[in-house]
Each structure stands twice: as structure tokens, then as C-alpha cells.
Engineer: 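My structure is below; once you've seen it, I'll send some questions.
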Protein chains: 2
Amino acid sequence: MKTVTMKDVAEHANVSKSTVSQYLNKRFDYMGEKTKERIEKAIEELGYQPNIIARSLKQKSTSTIGVIVANILHAFSTQVIRAIEDHCHESDFHIIVCNADDNPEKEKKYIEMLLAKQVDGLIIFPTGGNVELYKRLLKANYPIVFLDRMVEGVNIPSIMLDNEKASSLAVAHFIEMGYERIGMITTSTSLNVVTRIERVNGFKKTLNANQLPMTEDYIKSLEVKEIQNSLENMLKQAHPPQALLAGNDLVLMEILKFVKAHSIRIPTDLAIIGIDDVGFAELYNPALTTVAQPTYEMGKQAAELILLKIQGKNEMDDLNRFEPTLIKRESC
Amino acid sequence: MKTVTMKDVAEHANVSKSTVSQYLNKRFDYMGEKTKERIEKAIEELGYQPNIIARSLKQKSTSTIGVIVANILHAFSTQVIRAIEDHCHESDFHIIVCNADDNPEKEKKYIEMLLAKQVDGLIIFPTGGNVELYKRLLKANYPIVFLDRMVEGVNIPSIMLDNEKASSLAVAHFIEMGYERIGMITTSTSLNVVTRIERVNGFKKTLNANQLPMTEDYIKSLEVKEIQNSLENMLKQAHPPQALLAGNDLVLMEILKFVKAHSIRIPTDLAIIGIDDVGFAELYNPALTTVAQPTYEMGKQAAELILLKIQGKNEMDDLNRFEPTLIKRESC
DNA sequence: TTGTACGCGTTATCAG
DNA sequence: CTGATAACGCGTACAA
């Protein structure tokens, strides 16, 4: 690859490097017309492209932000990433996306790597497993924003769903439709993920508030691969749940897989609501009732916030909750 | 952000910068034990992180490759990206993903930007609209690989599906199941995308080979937003198609949307096959028959190839076709 | 075994 | 209006 530098342009145009640099940075307040033209021509002829790496080194800024998602398999992650990217693009920032796979060590590795790459800021869906590291970044006043989850004891601005309300909306709708034996399945057993905890709490609270029985057997936190078995056991009992809340899109898929394999009719045999609005929800037979997160807004706010922080401004409260929306369709 | 450099470490450990550099690059063939320990300690205490930007500038290599997809909305794109990322990760390479949105100007802008960022190579789902630029890169011997599509007259290695065969498999299955009036819908009208053309060609050829009537009215290339209307017109005719091939996942979604809105029964009223295997295909009622691309393999090969090229090796033919697979389910 | 000096491509400062 | 010159942080001959 021919690598033509500023020096080449300078020589070609018979000026010095600094003059070329000024031209490139639009500082031609005092630049001669003919000099300008000569440089322009030289750039054109040589096909010169500035080396952003060198510029970054000098300016100590890469116009790049790092995004670390806990689990890229969730539709929510990709939707939010898109929103972040859209918004960053407007400010000529780029993003590097990494997938921590719900693994704190991977997350740590990525954080260190992105810092080494001199990204100007970080948006993280935290696994929660690197508290010391989070704190260090915060203390260093490094621009960082949490998304989807917060971490107890770490004062980093967090953009989150009102998770309790999400479950609450779902359960209230189940009740409204006449269901009484209501269950819930979530993922992420091993990790202490606040999202899951809050959703389960909202679920239990709403059940209690309506004096409905709460069977622990019908509230499961499982690895994805355990879900089929667990459903089998849950539904073959004497009084199986009539309605099931899927804690996220991955759980929803598993439930639908089970439903299909066992010819269960929805909502006659089993009513279903899923948290996270997936693309096929409205196409499915029957169309799926879901609780949607305002993904675009959340991503946008994360991007706005990180860009503000990078500029040294800092105007947000530490926690910002977004409202979920119940989208009533046919599965409940 | 505290920015601790090699110099700080060197001072802290009472050695020179180069000794620290050697330590970092594991060249301690001739390094004193105690020196090693002092450096280690200094790095630990100061929390030193090497500045990759500076290193890249010196080494003229960023361990980063750029990926430009034509349209990120296709499930195929995200699946392939994941495969690429997986594979690059093994070689400690990072990827920067950009979405050209089927817009050649955006594509051009991204190519230039990624070059300016000194990425070591480029994997592109080409829009086909920047032939001169492609040629320039090729001539400069810059590491580049095309994916999903090829560009006529540009000798860049291309990793593609055997698109004719994909349609062919679908049509053959339609015929085997007794359907005779068969239609097809694709997207990307404006652009001269080879993928679309090849799929339509395969469709027509197979129809011809089986002496079936080929109604041009039943072969449509449309913008996504036009599909609903077009389906309306197509299906209200006297002898509407009994079977429909969706040229990609976006078309499939539109067809399913229409089907649901008009209570059309699948496959009784209309048989459907989609090219691209989407996640919900097996969950859907009825489960959707699809033609799957070997997305993981394709992404993996793209990554392998670009990494080889970056190392100066170059061992692949210019065009590599992958075999599609018909996955028979219930929609046909 | 360790230190010195220079180069990578750019920008900033300050003379001229 | 333009051009030296010195950083930026790191890698690497070459010297010591």
C-alpha cells in the first residue's frame, strides 16, 4: 500500500509540512490563494489521506467510543447499539462494539483493551463483576456510562428500564384477562444481575398486591439450555401455570420452541407475555403480547451522555429510568 | 484521565524507556532478574497501560480490520459479522463495523474513513457503486475481500452463496410438492445487485427446466415498503400464485405480515419458502421452510482470508461459492 | 545487560 | 503569510 504522507504533499507543492497541516485544518486566514491551490492540487494528484492515527496521538483523542454489551444475543443489545451508532455518527464519532458474553473476565479484558486503544469514552452493559475497575475509572474521571444495568455502590450514570414496572404491566394484564396461576422464567442464574432481580421483584410484588398465590415453583431463573426441561416439569404438574412471563427475548424463544414441540395452544392452554419487543412478535400466530423497552431512546441518551462527558460536561443524575410499554396482541 | 506513559514507568523503576519496551515485548533474553521485577512492580504501582495508538503509528499496523455491510438490517449481515468477529478475536484483531445502507456514497465515505484510521484490511459487502475505488485499492495491493456479492470487472476475492442454486432448491421443492403457479419477490430494485439477479435467474431457469409457466407478473423486485401493495395486487388476480419465494429475510417478514393481515393459510392458500434462515423460522406456525446460507463458514473464511492477505499471503481463487441448504419445514 | 538517539505522521508554537 | 522545530508515546538499531 502506497502510503503518501503530509511530507510528500509538502514537497510536491513546494511548501512546508506545517502549511499543509494548516490547510487541512481550514486555518487559511492568512494563506495565499496560490499556495492554497498548489496544495489542493498536490493532495489531489497524490491521493493523499491524512493519517488519523498520527493525529490521534498528537491530539490525545480518537473520536471513538467503546461499547461493551453483556450479551449480544439479546435483540435489545443490537437495537441499542444501532441507536448509539446513529447518534454518534452525527458527531463523527465511531464505535467499537465488544461482547462480554456475560463473563466478567472478558469484560475486564475488553475494558483494558479499549483504554489501550485510547477510546474517548465507554458505554458498558456491566456484568457487575469488576467493581474495583469501575471505581477506578470513575475516580479517574474517565467518561463512562452504564446501560441496561446498574452496579450497586458504583456511582456511574446508568440508563435503565423501569424493570419492576415492566413485570408489573405484564402481570396486571394477565390478571385483567382472568389468569390466576401465573409463572415467570428468567435467565442469568449465576450472575447477580439487577435487571433480572428487579423484574422478578416486580412480578412478585404485583402478584402479592392482587392477593394471588405465588408458587416459587413457577418462578424460575435458568440457563437457556435448562429451560426446555424445566418447562416440561412445570407444565405437567396437577395445577400448572396458565400464564407465563418471559423475562427476556431468549426465554421467549425457548418457550415458543416448547409450545410448538408440544402442540400447546396459545393463549387457550397457556397465555404468554414477553419482556422485549422482538421483530416477529406481530407476525407470529398468535401475535405476541410484549412489554417493549424504548430501545432507541435509551441508546440515544447513552450516546448523548457519553459525548457530553467527553466534552467535560456532566449534567445527568446518576440513574435514569425509562418507561416500558405494554403492547397488547393475541397471546394474552 | 491520568495518562501514565512508558517514561513514567522507566523513571519509577530506574531504567530507561527501551528497557521497559523490551520487557513489554517479552524480549528478556538478556534482562536481569531484578530489573524485570522492578519494572513489573512499577507497572503494577502506576497502573500503566501501553498506548496502542502510539505503537500503531510506529509499527504501521493497527490489528484492526474494517467491515462494511451493505445493509445491516439483514439477519445474514449480523450473523456473518459475528462469525468474522469470533475468528478475528482469536488472532487478537478487532473489527469496526459500518453500515453503508445500500448507498454507494456512504460506502465510499466509510472506505476512506477506515483507510484514514489505518485499518489493516477491509471486508466489504459491496454496493457495487464504487468501481473506481475498488480498483484503486486492488491495484495498491491493499488487503480486501468481498462478501455476499461480487463486482463485475473487479478482481477482488469474493465469498458468495451459490445464489442460483438457492432459488433452484426452493423452486424444485415447490414443484415436488405439486405447486405450479410459483412467484418470487426480491428487494433492491435500484441497485444492480448480483445477489438479486442471480437468485432471479436461478428461479427462472428452474421454472423453465421444468416446463412450468413463467408469469413476469409473479416475479417482482420491490422496495420493502412497496411489498404490501404488490402482494395485494398479485394475490387478487384470477389465477394467483400458489407458492411464493422470498428473496431474503426482509421480504419474508413482509409476506408474513401480509399473510397475517389477510388471514391467509399457509401452506393451504399459499406456500412459502424464504432464502435466509431466520431465528424464528422453526418456531413459527407453521414452521417456515427456508434455504439457509452457511453464514458461519462464510464469515470465517472471509476473516481467514483477510488475515492471510494482511500477512502478505494470498492463496484463494477470486471467487468462492458456498452451498445453500434447503431446510424443509411446514410452510411448503 | 542497559541506555541513547532517532523515526513514525501529525499538530502547535513561535519566529521570520 | 510561511516555515522551522519541538512534542505526542512507542519501538529499535546501535552503542556502551
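Throughout, a chain's letter reflects where its sequence line sits, starting with A, and its residues are numbered from 1.
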Engineer: What does A:Thr35 touch in the nucleic acid at a heavy-atom separation under 4.0 angstrom: a base, only the sugar-phosphate, or nothing?
Structural biologist: sugar-phosphate
Engineer: From the set D:dG3, C:dG3, C:dG9, return the single nucleotide nearest to any side-chain atom of B:Val15.
Structural biologist: C:dG3
Engineer: Run the side-chain hydrogen bond (donor to acceptor under 3.5 Å, both in side chains) test against A:Thr64 and tell me which residues pass, sequence neighbours left out.
Structural biologist: B:Lys117
Engineer: Could I get the full list of side-chain hydrogen bond (donor to acceptor under 3.5 Å, both in side chains) partners for B:Asp101, not counting sequence neighbours?
Structural biologist: B:Lys106
Engineer: Taking ring pair (Phe, Tyr, Trp, His ring centres under 6.0 Å) as the test, write out the residues that go with B:Tyr110, two or more places apart.
Structural biologist: A:His89
Engineer: Please report the interatomic distance NE2(A:His94) to CD1(A:Ile96), rounded to the nearest 0.5 Å.
Structural biologist: 10.0 Å
Engineer: Starting at atom CG of A:Asn14, determine the distance to atom C1' of D:dC1, rounded to an integer number of angstrom.
Structural biologist: 16 Å
Engineer: Return the value, rounded to whole Å, for the distance between atom CD1 of A:Ile39 and atom C1' of D:dG3.
Structural biologist: 12 Å
Engineer: Would one find a side-chain N or O of B:Ser16 under 4.0 angstrom from OP1 or OP2 of C:dT2?
Structural biologist: no
Engineer: Of B:Lys60 and B:Lys34, whose nearest nucleotide on DNA chain C comes first from the 5' end?
Structural biologist: B:Lys34
Engineer: In whole Å, what is the span from the CG atom of B:Asp8 to the C1' atom of D:dC10?
Structural biologist: 13 Å
Engineer: Checking A:Ala13 now: which residues fulfil side chain to side chain contact (heavy atoms under 4.5 Å, CB included) with it, not counting sequence neighbours?
Structural biologist: A:Val15, A:Arg38, A:Ile39, A:Ala42
Engineer: Which whole-number value in Å describes the distance from A:Leu57 CG to D:dG11 C1'?
Structural biologist: 13 Å
Engineer: Indicate for each nucleotide in nucleotides 10-16 of chain C, in 5' to 3' sequence, whether protein heavy atoms under 4.0 Å reach the base (B), only the sugar-phosphate (S), or nothing (-).
Structural biologist: BBB----
Engineer: By the salt bridge (Lys or Arg N to Asp or Glu O under 4.0 Å) test, which pairs, at least two apart or in different chains, include something from residues 39-55 of chain B?
Structural biologist: B:Lys41-B:Glu45
